[in-house]
Amino acid sequence: MPEQGCAFSQQYPALVGASEYGELFLSIVERTGVGLAVLNPQLRIQQTNEALLEHCGQPRFDLHGFDFSELLHPSVRQHMRRQFERLLTGRSGRFVEHLAALWATRTAFTGSLTGMAVQGDAGQLKTIVVLVAPDKGEDDRRVLISPNKILTEINAKILEGVATGVPTVQLAAKLYLSRQGIEYHVSNMLRQFKVPNRAALVSKAYSMGLFGVGSWPPKVLSEYVRR
C-alpha cells in the first residue's frame, strides 16, 4: 500500500490532500473498475483513471481539458449541468444519477454517475470528483444512440405532439396538415422505429435519448433533426 499510496499522491494530489482517507478511497475505486475523473470548478477534466478511458471506448484519446458535460449524452446533458451547478454553488455536496449516459467515442452507454465536491482548506470548492459505473446489462439493452440526424423537422414536431398527448385533429391544424397526413407520418415512424403503436413509439424515443431528460413538454433534441 505505501508504494500505491505514493503513486496516488502524485497522480491525484488534490484528492489525497483533501482527506486522510483519500488514498483509501482511490485504492477502492481502482480495485472496483469504476471510472474516475477529476474536474476543476469550470468542469474541465484535469485527471482520469484508465477505467474511464476504457469505458469511453476506442479510439483512445487524452481527455485532459475537455468540458466533462460535453461527454454526456445530449438527452441528459442539461439535467446533469443543473446537478453540477448545485455542487458549484454549494447547494449540494454530492449527487448520484442512475441511467446517466456518456457517449465520448462510441455508442452511448448507461450507468450511474456520482459527483462529489471536494473543498479546500478555506472551505472553497477545490475540485469535483466524478465516478462512472456502467450498467452490467447486455449490450443490446443499451439502446441509447449517438446523435444522428434521423428525423425530419415535420416528424420531430409530430413526435413531440404525440408524446405530449395532442389529439390528431388538433396536431394536424397546428402543423397545417390533414389528419391523413399526420397518420402517414406516424405510420412511417412506426416502421422506422420498429414499434407497433404510438405508445411504443414514444417509449422507444425516450429510451433512445431523443428527448431531453427533465423537460416538459417533450422536445426532440436538435442533434437528431435534419434541417
Side-chain angles (χ1 to χ4, degrees), residues 43 56-57 66-86 91-92 95-113 115 132 134-135 137-227:
L43 302 185
C56 289
F66 269 69
D67 181 341
F68 185 82
S69 64
E70 291 300 319
L71 300 181
L72 295 166
H73 193 271
S75 63
V76 301
R77 189 176 297 154
Q78 184 176 2
H79 172 68
M80 295 300 296
R81 280 175 174 163
R82 289 196 293 266
Q83 292 285 49
F84 280 114
E85 182 65 22
R86 289 173 58 84
R91 288 177 290 163
S92 174
F95 70 81
V96 179
E97 285 289 337
H98 299 287
L99 298 180
L102 273 75
W103 65 280
T105 58
R106 68 175 182 186
T107 302
F109 65 85
T110 61
S112 64
L113 188 152
V132 178
D135 286 338
E138 297 297 327
D139 288 342
D140 59 3
R141 294 180 61 188
R142 300 173 190 161
V143 294
L144 279 164
I145 57 174
S146 295
N148 192 15
K149 308 295 184 181
I150 62 175
L151 291 175
T152 63
E153 286 193 64
I154 190 63
N155 277 350
K157 292 183 181 301
I158 291 173
L159 182 57
E160 291 168 356
V162 172
T164 309
V166 178
T168 299
V169 174
Q170 184 177 339
L171 188 58
K174 179 180 178 180
L175 298 178
Y176 302 102
L177 293 172
S178 65
R179 178 169 184 164
Q180 291 75 16
I182 296 293
E183 296 293 350
Y184 169 79
H185 286 288
V186 170
S187 295
N188 283 343
M189 285 191 283
L190 294 180
R191 288 192 294 270
Q192 179 182 358
F193 289 90
K194 299 178 181 179
V195 291
N197 53 49
R198 293 186 178 204
L201 174 63
V202 173
S203 178
K204 185 74 173 287
Y206 269 110
S207 71
M208 292 173 67
L210 269 65
F211 296 114
V213 172
S215 63
W216 185 266
K219 185 170 180 60
V220 175
L221 298 166
S222 60
E223 288 87 349
Y224 296 104
V225 182
R226 297 196 297 270
R227 301 295 181 183

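The first residue in the sequence is number 1, and the count goes up from there. Side chains are part of it too, since the values below use all heavy atoms of this structure and drop only hydrogens, waters and symmetry mates.
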Results of side chain to side chain donor-acceptor pair (under 3.5 Å) for Arg191 - residues two or more places apart only | Asn188
Any chance you could measure Leu72, atom CG, to Gln78, atom CD, to the nearest 0.5 Å?
-> 12.5 Å
List the steps and the verdict of side-chain contact (heavy atoms from CB on, under 4.5 Å) for Arg77 and Glu223.
-> CA-CA 12 Å; Arg77 189 176 297 154; Glu223 288 87 349; 4.0 Å; yes
Taking distance alone, no hydrogens or angles, what donor-acceptor pairs closer than 3.5 Å link side-chain atoms of residues 161-177 to residues at least two apart or in another chain?
unit_1 : atom_1 : unit_2 : atom_2 : d
Thr164 : OG1    : Glu160 : O      : 2.7
Thr168 : OG1    : Arg198 : NH1    : 3.3
Thr168 : OG1    : Arg198 : NH2    : 3.2

Under the side chain to side chain donor-acceptor pair (under 3.5 Å) test, residues paired with Ser69 that sit two or more places apart | Asp67, Arg81
Calculate, to the nearest 0.5 Å, the distance between atoms CZ and CG belonging to Phe84 and Leu43 respectively.
-> 6.0 Å
May I ask you to test the Met80-Phe68 pair for a side-chain heavy-atom distance under 4.5 Å?
-> no
Of all heavy-atom pairs linking Gln192 and Ile150, the shortest is NE2-O, 2.9 Å
What pairs with Ser203 under side chain to side chain contact (heavy atoms under 4.5 Å, CB included), at least two apart in sequence or on another chain?
-> none
If you measure from OG on Ser75 to CE on Met208, what distance do you get to the nearest 0.5 Å?
-> 11.0 Å
Output for pair (Arg226 CZ, Ile154 CD1), nearest 0.5 Å, gives 12.5 Å
Tightest non-hydrogen contact, residues Gly209 and His73, listed as O-CE1, 3.6 Å
Residue pair Leu221, Phe211: steps toward the side-chain contact (heavy atoms from CB on, under 4.5 Å) verdict = CA-CA 6 Å; Leu221 298 166; Phe211 296 114; over 6 Å; no
Within a strict 4.5 Å, meaning less than it, do heavy atoms of the Phe193 and Val202 side chains meet?
-> no
Contacts of Glu97 that satisfy side chain to side chain donor-acceptor pair (under 3.5 Å) - sequence neighbours left out = His79, Gln83
Any donor-acceptor pair under 3.5 Å from Lys204 side chain to Ala199 backbone = no
Taken to the nearest 0.5 Å, the spacing of Lys157 NZ from His185 NE2 works out to 13.0 Å
Could you check if a side-chain atom of Tyr206 sits within less than 4.5 angstrom of a side-chain atom of Leu210, using non-hydrogen atoms only?
-> no
Sorted by chain and residue number, the ring pair (Phe, Tyr, Trp, His ring centres under 6.0 Å) partners of Tyr184 (sequence neighbours excluded) come out as none
Val186 side chain near Asn155 side chain, heavy-atom distance below 4.5 Å | no
